[in-house]
Peer 1: 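Dropping the structure in here first, questions after.
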Amino acid sequence: MTLPLPGETPVPVAVTPTWAPLRHPVFRALWIAQFGGNIGTWAQMVGAQWLMGDLGGGGLAIGLVQTAATLPVFLFVVPAGALGDSVDRRKLLLLGQSVMTVAATVLLLVTVTHVVNPVLLLGLTAVMAAGQGLAAPAFQAVQPELVGRDQIPAAALLNGVNANVGRAIGPALGGVLIAAAGPAAAFALNVASFVGLLVVLARWRREVAPRPLGAERVLAAVRTGARYVRSAPRFGAVLARSTVFMVFASSLWALLPILARGPLRLGPGGYGLLLGGIGVGAVLGALVVPAIRARAEPGVVVSAGTLVYAATLVLTGPSRSVPLVAVTLVVTGLTWVTVLSTLNSGAQMVLPDWTRARALAYYQLAIMGGQALGGVVWGLVAQLWGASTALVAAGIGLAVSLPVGWRWAPMAGPTPDLSAEQHLPDPPDVPVTGLGHVLVLIEWRVPDESATAFTEAMRAVGLSRRRTGATLWGLFRDVEDPECFVEAFTVPDWTEHLRQHLERGTAMDRLAEAAARQLVVPGTEPQVRHLVREDS
């Protein structure tokens with residue numbers, strides 16, 4: 001069992017009904033529009049993969065379609081996350097969706113006019129992915145404000161069902177459209193779905209919280225987000241498990257078209273219907289996952305789902321029976337939505353609102369980066385040894401990765417209380433905003449018998465300082481006065497330090513410092529000094 005860090009306290013999270021978030025009008029409208037967008041996106045994806053085959057592309061070229069659809073997200077998502085915490089998230093969603101709509105329209109036009117080629121197909125797919133990269137962190141970050149913290153797990157599950165049912169219906173519908181009118185018909189459906197989501201976003205009137213210190217600069221916000229992720233062990237565990245899962249699990253999405261065209265001897269309609277099994281599994285997941293989560297902690301759910309998913313890869317690879325593959329894919333869809341919705345809600349539950357978009361950018365980075373890498377690796381393995389061998393190897397690799405996750409990325413412990421709360425006293429009112437590095441020195445008086453416990457308690461305080469903006473942190477003991485401990489940390493500038501005081505505190509941070517305060521010499525208070533660098 002993983003013990004909580006000092007200052008971590010459990011926050012009861014009620015098990016809400018799966019469909020409860022749909023009672024919120026904005027969430028419901030966005031969910032429906034996103035469902036249409038997912039159908040269009042996956043219809044476009046199967047159209048692009050099938051068109052790449054028609055253009056003469058082999059296993060590697062078809063695998064590169066998935067890479068083109070995910071690698072730009074990997075490149076854009078971190079700065080987009082910083083923007084999502086610095087500007088109106090609705091406007092960022094509109095920008096990303098507009099980029100996707102324009103690129104989808106151009107792809108439709110070049111396909112209709114028969115000027116499309118493999119390079120153009122991959123390039124326009126990559127532009128659509130860039131738009132997705134701009135929008136993805138903001139879309140994830142707005143979920144708690146739409147449904148409330150207690151419904152985050154249910155919202156994550158609904159979004160997982162949305163994506164996976166869309167992933168199933170989209171290829172099936174795309175396959176029918178391709179068989180009837182060619183890939184251009186699937187691309188036209190995608191354009192229409194993107195326009196629908198643009199309309200919903202344009203009509204949404206989101207309230208923007210005031211920013212007393214103004215918007216953060218993008219580069220500074222990126223650095224702050226990176227520091228937060230490095231100092232948040234629970235979130236880091238989610239990132240590690242997500243990356244490993246996606247590298248191996250993405251093999252199915254990259255190679256199933258090859259399996260369908262080759263050993264299973266299916267056309268585009270048959271391939272699309274085959275993916276319908278995944279959609280059935282995703283719907284089943286919406287029904288059974290809440291009950292599973294009520295009985296097992298997230299780490300156990302993720303591990304069990306990963307093991308079952310690995311087994312489906314091993315079964316699917318060598319199979320030449322379409323009915324057997326279809327049944328196996330039902331289980332695949334159930335475990336896929338179980339694992340990813342659990343990871344997503346796990347990420348959401350351990351992030352405060354002030355850094356939610358930029359931290360979730362790293363979650364998207366893990367998901368899309370793992371998928372992009374998987375598309376290349378398993379496409380290359382399929383090119384050399386066949387898709388069946390590649391799927392079996394991916395399944396074995398995924399199963400072997402589980403003990404590593406248990407050891408190095410445990411997902412256990414109580415849910416921290418991350419409600420906004422100013423835990424530091426008001427900073428001194430001095431006119432040095434934006435100037436120089438800030439060095440903060442805090443002198444603590446601690447009796448000798450409490451020194452060891454105090455040092456341990458300050459471990460959580462140090463993580464808190466780093467999460468909220470400190471670049472360096474250390475705890476020092478006076479060799480001549482053993483009761484004197486000096487906490488020292490640096491912040492890039494005074495404005496960043498003001499944000500530590502006024503914008504970034506949480507109840508968990510307050511509790512961490514309160515645990516340390518209980519160990520000081522009775523009647524004493526920590527003495528704080530602020531120093532601003534003058535030689536910069």
Side-chain angles (χ1 to χ4, degrees), residues 42 45 49 62-63 65-67 69-71 73-74 156-157 159-161 163-168 171 237-259 274-275 277-279 281-282 285 289 298-299 301-317 319 325 328-347 363-382 387-406 409 411:
W42 288 108
M45 178 62 73
Q49 290 176 320
I62 293 174
V65 173
Q66 176 174 286
T67 301
T70 52
L71 183 58
V73 179
F74 182 88
L157 179 58
N159 286 329
V161 170
N164 285 281
V165 174
R167 186 191 287 263
V238 174
L239 293 185
R241 298 291 285 269
S242 301
T243 302
V244 173
F245 179 78
M246 289 304 300
V247 167
F248 293 101
S250 64
S251 60
L252 180 72
W253 309 110
L255 303 180
L256 197 57
I258 302 172
L259 203 65
L274 194 64
L275 288 180
I278 295 176
V289 169
V301 174
V302 170
S303 296
T306 298
L307 189 60
V308 175
Y309 191 97
T312 66
L313 292 180
V314 173
L315 288 173
T316 301
S319 177
V325 171
T328 304
L329 289 178
V330 173
V331 181
T332 302
L334 192 155
T335 52
W336 174 272
V337 76
T338 298
V339 172
L340 288 187
S341 66
T342 304
L343 289 169
N344 184 275
S345 64
Y363 173 75
Q364 292 291 329
L365 196 69
I367 295 293
M368 294 300 179
Q371 197 167 350
L373 178 60
V376 173
V377 170
W378 302 115
L380 184 58
V381 173
S388 297
T389 300
L391 285 172
V392 172
I396 294 173
L398 188 57
V400 170
S401 73
L402 271 178
V404 179
W406 294 334
M411 292 179 57

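Numbers here are sequence positions counted from 1. Note that the coordinates shown come from a computational prediction; the quantities given were computed from them, not determined experimentally.
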Peer 1: In this structure, which one of L252, V331, L334 forms a side-chain contact (heavy atoms from CB on, under 4.5 Å) with Y309?
Peer 2: L252
Peer 1: Going from CG on L391 to OG on S251, what distance comes out if it is rounded to the nearest 0.5 angstrom?
Peer 2: 5.0 Å
Peer 1: Please give me the minimum heavy-atom distance between R241 and S303, naming the atom from each residue.
Peer 2: NH2-OG, 2.7 Å
Peer 1: Classify the ring geometry of W253 against W336: parallel below 30°, tilted from 30° to 60°, perpendicular beyond 60°.
Peer 2: perpendicular
Peer 1: Tell me the closest heavy-atom pair linking M45 and A69, and the distance in Å.
Peer 2: CE-CB, 3.3 Å
Peer 1: Identify the residue among L402, L343, V238 that makes a side-chain contact (heavy atoms from CB on, under 4.5 Å) with V302.
Peer 2: L343
Peer 1: How close do L255 and A390 get, heavy atom to heavy atom, and via which atoms?
Peer 2: CD1-CB, 3.4 Å
Peer 1: Do any N or O atoms from the side chain of T332 and from the backbone of T328 form a donor-acceptor pair under 3.5 angstrom?
Peer 2: yes
Peer 1: Quick check for you: to the nearest 0.5 Å, what is the distance between L365 atom CG and T243 atom OG1?
Peer 2: 7.5 Å
Peer 1: Identify the two heavy atoms, one from V392 and one from G317, that lie closest to each other, and give their separation to 0.1 Å.
Peer 2: CG2-CA, 4.4 Å
Peer 1: Search all heavy atoms of A254 against all heavy atoms of P257 and return the closest pair with its distance.
Peer 2: O-CD, 3.7 Å
Peer 1: With a 4.5 Å limit on heavy-atom distance, are the side chains of F245 and V339 in contact?
Peer 2: yes
Peer 1: Looking only at heavy atoms, which two atoms of T342 and T338 are closest? And how far apart?
Peer 2: OG1-O, 2.6 Å
Peer 1: Measuring from S242:OG to Q371:CD, what's the distance to the nearest 0.5 Å?
Peer 2: 12.5 Å
Peer 1: N344 versus L340: any side-chain heavy-atom pair under 4.5 Å?
Peer 2: no
Peer 1: Nearest 0.5 Å, please: how far is CG in L307 from OG in S401?
Peer 2: 9.5 Å
Peer 1: Can you tell me how far CH2 of W378 sits from OG of S250, rounded to the nearest 0.5 angstrom?
Peer 2: 8.5 Å
